[in-house]
Structure formats: structure tokens, C-alpha cells
Amino acid sequence: MTDRIEAAAAELRPLLQEFILWARENAPGSDSNLVGSVALWHRLTASDDVGRWKRADLRTVLLDRMPQVVEDPEAAADGMVPAVRAYLTYLSETGRLVKGSAPLQDLLAELDRIEDDVVDAMEELVTEDGDDYDEEEDGSEGLGDFEPFADDLAALPTIRLRPDSELAVAARRTVLIGKARDLAVWVGEERRVGEENLLTDAEIAEALAVLGFPAPSGADGGPSADSVPALWNVWNLAIDLDFLQAEGEDTVSVDADAAEWPFEDDDDVLDAWLTGLHSVDYGDPELDDEEATIALSGLTRALLVRVLLASGSKPLAELRTELAEAAAEYDDLGAEAWATATRRYGDPLNPVLDWLAGYGMVEVEHEQVRLTPLGMEGVVHMVDDEDIELDARPAIDAMTALDLLSFSAELPEEEADAEFAAWMELREPGQAARELLKAAAEDDADALVRVQAASLVGSLGEVAAPAWWDALDEPSLRPYAATHLAQLGVEDAPSPTQSDTHWLILDMLTISAGLGRPEFVSSLDDIGPAQTLVTLLDVIWKVPHPHLEELLEAIGKAHPDRQVGKAAKRALFKARSDHN
């Protein structure tokens with residue numbers, strides 16, 4: 001997880017730096033420093049695209065995640081919501097709020113709705129004793145808590161995940177999302193809702209018919225709101241997915257895009273599916289007694305983690321026995337609640353498995369519960385959201401060159417070599433070289449991926465020469481291509497220039513800067529004594545490297561020699577002047 005955090009932070013850094021400059025003129029009253037953590041955890045837990053914000057993301061990040069990671073809750077109580085309001089406005093005004101996001105007006109309205117809750121959560125952290133809080137957190141194990149299984153999860157062999165294209169096909173077939181869409185379309189535009197009952201009995205009968213659910217009889221012979229929990233679960237899923245949106249206190253409307261489900265774009269499909277992933281909690285048994293219902297809360301998650309630990313498949317009878325024992329252990333009412341759920345559902349796991357099957361996560365065959373590829377992806381996301389270590393990677397046959405480069409950078413050398421060897425078995429070496437270099441060229445700011453690609457392609461020898469020739473046209477790869485072609489002795493290949501050498505140095509410094517101050521200073525020492533660095537700084541400012549300015553600033557702050565610090569500041573001034 002630490003590597004993912006560092007990678008995401010590096011990705012966000014340029015955007016946040018631009019936001020800080022924007023905020024000085026456009027939102028001077030906001031504390032832009034509070035946005036970094038919010039943007040980081042939005043990227044890690046809610047969306048792979050930093051510019052895609054849904055209304056539900058605000059609650060997930062600000063209320064679920066921030067109280068766990070915020071460093072200064074007092075400052076966050078005063079300024080986090082205004083800072084996020086400024087950040088979302090910045091994304092919208094600069095065209096960075098991408099397609100698939102909720103409109104800015106809706107996002108700001110959602111911020112207004114949760115602002116008091118955010119302030120309360122932060123103020124609660126301020127008033128609580130730190131030691132008592134940690135102790136409470138450590139002792140808050142519940143039926144659906146993954147933390148007790150952390151060691152077992154970390155010890156699992158590598159979990160191989162299927163590619164997004166396959167997962168999107170499965171997600172499009174998700175029965176429950178289809179029902180959420182049908183319900184939202186039925187709701188239509190500006191449907192009035194009651195203060196006590198969400199829908200009238202007549203409306204409930206219509207909605208149940210749309211969903212294909214049976215209509216239970218209430219006391220007056222017709223459906224009643226209290227006897228249709230399955231309807232409300234789908235209703236809540238439709239809200240989670242943004243298929244239904246509130247239009248004031250007593251009006252709800254279908255979202256314009258809801259009827260388009262299943263979406264054409266694979267990323268949009270998977271984003272929607274993952275947005276609704278926490279709906280697994282709707283599978284927990286619902287009983288007449290509220291305390292009994294609470295005693296079995298988390299049952300769905302408890303089943304999922306046990307199936308995952310069994311390598312994705314476990315006998316239903318074993319799950320039933322283990323979970324009955326767990327329910328009795330975690331809550332004094334657990335055994336009684338289990339018995340009540342047995343009388344109501346025949347088996348307390350029936351509603352759990354029905355929801356998980358409807359969400360495409362499990363299959364039950366011959367009394368064996370098995371995670372589907374989509375379910376495996378979902379559980380891995382859930383474990384990752386809890387910051388629990390788990391070794392999950394794309395399947396070798398589905399692993400792209402960028403996947404390989406990203407994972408290899410985080411693995412021990414022997415393991416990375418084995419991953420590379422397995423990946424190479426499925427490719428002709430020349431084609432592999434082209435794929436790796438193409439992946440490395442996707443983001444010129446990612447020095448680590450670039451260095452990793454150059455190392456792997458370099459290990460292929462002469463067969464990679466055509467790929468190196470093609471890479472000469474890519475500015476971020478040209479220094480590596482020229483160097484390797486020269487080492488291979490390829491005729492007519494251009495010789496590496498001084499600018500090429502300087503680019504390689506800047507890449508090396510970028511990587512070491514991400515490792516911490518001691519490693520960064522050590523890398524500077526490797527270049528040479530202070531005078532050598534001063535000479536280098538006098539010319540290196542001309543290189544159009546994406547991290548040049550931040551590296552020059554870092555050198556000025558980190559290097560102990562004053563002459564080097566002055567040279568770095570001069571170089572930074574020249575680089576900024578040249579850029580402007």
C-alpha cells in the first residue's frame with residue numbers, strides 16, 4: 001500500500017501545485033494544504049481518474065477515510081470543506097472535471113449536506129484522548145471486520161486478477177445494477193416522496209412489479225413499506241450508483257445517464273460497479289428486532305473474507321458452521337439472532353448469497369461457494385480499502401507492459417525477474433521490447449517506470465535494437481535509446497548527447513527524491529563533490545525534464561553545501577524564467 005500511496009502522490013503533485021497557485025487568486029480564504037490528503041485518498045479509494053468525482057465519493061473520502069488519516073483534525077474541522085469546495089471548483093473551471101463526474105453544482109450541494117458531519121467527525125477527534133481512541137479502534141472487531149485476518153491475507157499466494165475488459169463484460173451482466181436502473185427509470189423525473197414512507201402502497205406495488213419482486217400483503221391486504229426490504233435495498237443501490245438523485249427534501253429524479261446502463265466504455269462500467277461495491281452490506285439478514293439485525297451486521301463481508309482465504313472457493317456447510325460460531329463470539333445476541341434468521345430465511349446465508357450472486361460476485365454450485373473473477377476483484381478492493389496487505393496482480397496472460405513495469409518496481413529482484421520471464425514466454429522478444437517502451441512513453445513524468453523499462457529492454461540484447469531505434473523519436477526515451485544503441489554498437493546510431501546524459505541524471509534524482517531525504521542526498525553525493533554539482537547545475541536547468549524545477553528546489557533545500565544551494569536557486573530561477 002505504501003508504494004501505491006507514493007505513486008499516487010507523485011501523480012497528483014503537479015495538479016496540486018497548480019491548484020495552490022489558482023487558489024491564491026480565486027479562493028484566498030481556503031487552506032489549500034488540506035486538499036492534498038483528500039485528493040490522494042480519492043485517487044486511492046474512489047477513482048482511478050483524479051478528475052472523476054461522484055457525489056458518493058465526497059462522503060466516502062471525507063467521512064469514512066479522512067477521520068482515519070487526518071494529521072490535524074482541528075485545522076480540518078475549520079477548513080477542510082471550504083478547501084474541497086475550492087478544489088472542485090478549480091477542477092471544473094480548468095476543464096479537469098472529466099466526463100462521468102457529477103455536475104459541480106451537485107457536488108457542492110452534497111458538500112453542504114455533509115459539512116456538519118465532517119466538522120463533527122473532526123471535532124470528535126480533537127476532544128478524544130489519542131491513546132483511548134487507538135485502543136477503541138483496536139478493540140472494535142466485528143463480524144465483518146477484515147483486520148483479524150490481516151496476517152492470513154498477507155500470507156496468501158499471489159492472487160491473479162482478470163483484465164478490465166473481461167471484468168466489464170461480467171459487470172454489464174450484474175442483475176442488481178440492472179434492477180437499480182429499472183427502478184430509477186420507473187421513478188422518472190421529480191417524483192414526490194412522503195415524509196415517513198418513501199412511496200405510497202400503490203407506488204410500492206408498481207415498483208415491485210418493475211423489479212419482478214413478489215408483493216407481500218400488509219395489514220390492509222396490500223403491500224406495505226415495512227415488508228419490502230428488498231425494494232429498499234435496490235433503491236439504496238440506485239442512490240449509491242447515482243442512478244437516483246435527490247431534488248430537494250421531498251423529490252427524487254432519475255439521473256440522465258441511468259437509462260444508458262450498461263455503459264459502452266469499460267472504465268465507466270467498472271467505475272459504476274465499484275461505486276456500488278459497498279452494497280454488499282445490503283445482503284446482511286434483516287430481522288424484525290433491530291438489535292438482532294445489528295448482531296448479524298457484517299455477515300456478508302465475513303463470508304467474503306473466508307472464501308478469499310480459501311483461495312476463492314469454500315464448502316457452504318463449512319461457511320455456515322464458521323459464521324454461526326463467529327456470530328455467537330462477536331455479539332452476545334449472535335446465537336439468538338442466528339436462530340431467528342434461520343427461522344426467517346431457512347438459512348441466514350440465503351440473503352447473503354442472493355445479494356452477492358445478484359451483484360456478480362459469487363456462484364454457488366454443488367454446495368460450494370466460489371468467488372467469480374468479478375468477485376475476486378471486488379474483495380481485493382475491499383481489503384485494500386482497509387489498508388491490509390495483499391499480493392494481487394493481473395494474470396500473466398492479461399498483464400500489460402505497464403502492469404509489468406509497475407509491479408516489477410515494487411517486487412524483490414528475484415520475484416520481479418520471475419514475473420518478467422513468465423510474461424516474456426507469451427511474447428516474441430522484439431514485440432515485447434516495443435510494448436515495454438511504448439508503456440514507458442505514456443507518461444513522461446514517471447521516471448521509475450521509464451528506468452524499469454530501459455533495464456528490461458536492455459536485458460533483451462540486440463533483438464531490441466529496432467525498438468530502441470523507434471524510441472529515439474520519443475523525447476523521454478531518447479536518452480536511453482541512444483545509450484543502448486551505442487552500447488550495442490549499432491551502425492549509424494546517434495551518439496548520446498550531453499543533454500541525454502543530463503536527462504538520465506534527472507531521472508535518477510527523481511527516483512531517489514521519492515525515497516526520502518537521505519537517499520536523495522546520497523544520490524547527489526554519487527554525482528560528485530560540491531564543485532561538480534555546481535558545474536552541473538549551471539547547465540542542467542536547460543533540460544526540459546518534467547521534474548526539473550521541483551528537483552532544483554529540493555537540491556537547494558537538501559544539500560548541506562551552501563554553494564550548491566545557491567547554484568540550485570540560480571538554476572531554478574533560470575528554469576522558471578525560461579519556462580515562462
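Note that these values count all heavy atoms, side chains included, but never hydrogens, waters or copies made by symmetry.
With a 6.0 Å radius and a threshold of 12 heavy atoms from other residues, nucleotides or ligands, Glu74 has its CD atom at or below the threshold. Heavy atoms of other residues, nucleotides or ligands lying less than 6.0 angstrom from CD of Glu462 number 12 at most. With a 6.0 Å radius and a threshold of 12 heavy atoms from other residues, nucleotides or ligands, Glu414 has its CD atom at or below the threshold. Around CD of Glu389, the count of heavy atoms belonging to other residues, nucleotides or ligands within 6.0 Å does not exceed 12.
One N or O on the side chain of Trp423 and one on the backbone of Met399 form a donor-acceptor pair closer than 3.5 Å. When atom types are taken as modelled, the side chain of Arg85 and the backbone of Leu111 share no donor-acceptor pair closer than 3.5 angstrom. Judged purely by atom type and a 3.5 angstrom limit, Ser408 uses its side chain to pair as donor or acceptor with the backbone of Leu404. Not a single donor-acceptor pair under 3.5 Å links the side chain of Asp384 to the backbone N or O of His381. Not one N or O on the side chain of Ser47 forms a donor-acceptor pair closer than 3.5 Å with the backbone of Val50.
With salt bridges taken as basic N to acidic carboxylate O contacts below 4.0 Å, none links Arg172 and Glu264. For the pair Arg162 and Glu377, the salt-bridge criterion is not met [side-chain N within less than 4.0 Å of a carboxylate O]. Ion pair Asp403/Arg393 not flagged as a salt bridge, since none of the NZ, NE, NH1 or NH2 atoms sits closer than 4.0 Å to an Asp/Glu carboxylate oxygen. Looking at Asp57 and Arg55, no side-chain N of the basic residue comes within less than 4.0 Å of a carboxylate O on the acidic one, giving no salt bridge.
Inter-residue side-chain proximity for Leu506 and His547 is flagged as unmet; no heavy-atom pair is nearer than 4.5 Å. When side chains are defined from C-beta on, Leu504 does not count as touching Thr501, because their heavy atoms never get closer than 4.5 Å. No side-chain heavy atom of Val564 sits under 4.5 Å from any side-chain heavy atom of Leu524. Within the 4.5 Å cutoff, the side chain of Val451 has heavy atoms near those of the Tyr480 side chain.
The aromatic rings of Tyr87 and Phe19 stand perpendicular to each other, their planes meeting at an angle above 60°, with 30° marking the opposite boundary. Using the six-membered ring where Trp is involved, Phe243 and Trp261 have ring planes that are tilted, between 30° and 60° apart.
His545 and Asp507 share a side-chain donor-acceptor pair at under 3.5 Å. One side chain, Asp500 or Thr497, offers a donor N or O that lies under 3.5 Å from an acceptor on the other. Looking at Asp266 and Ser165, their side chains never bring a donor and an acceptor atom within 3.5 Å of each other.
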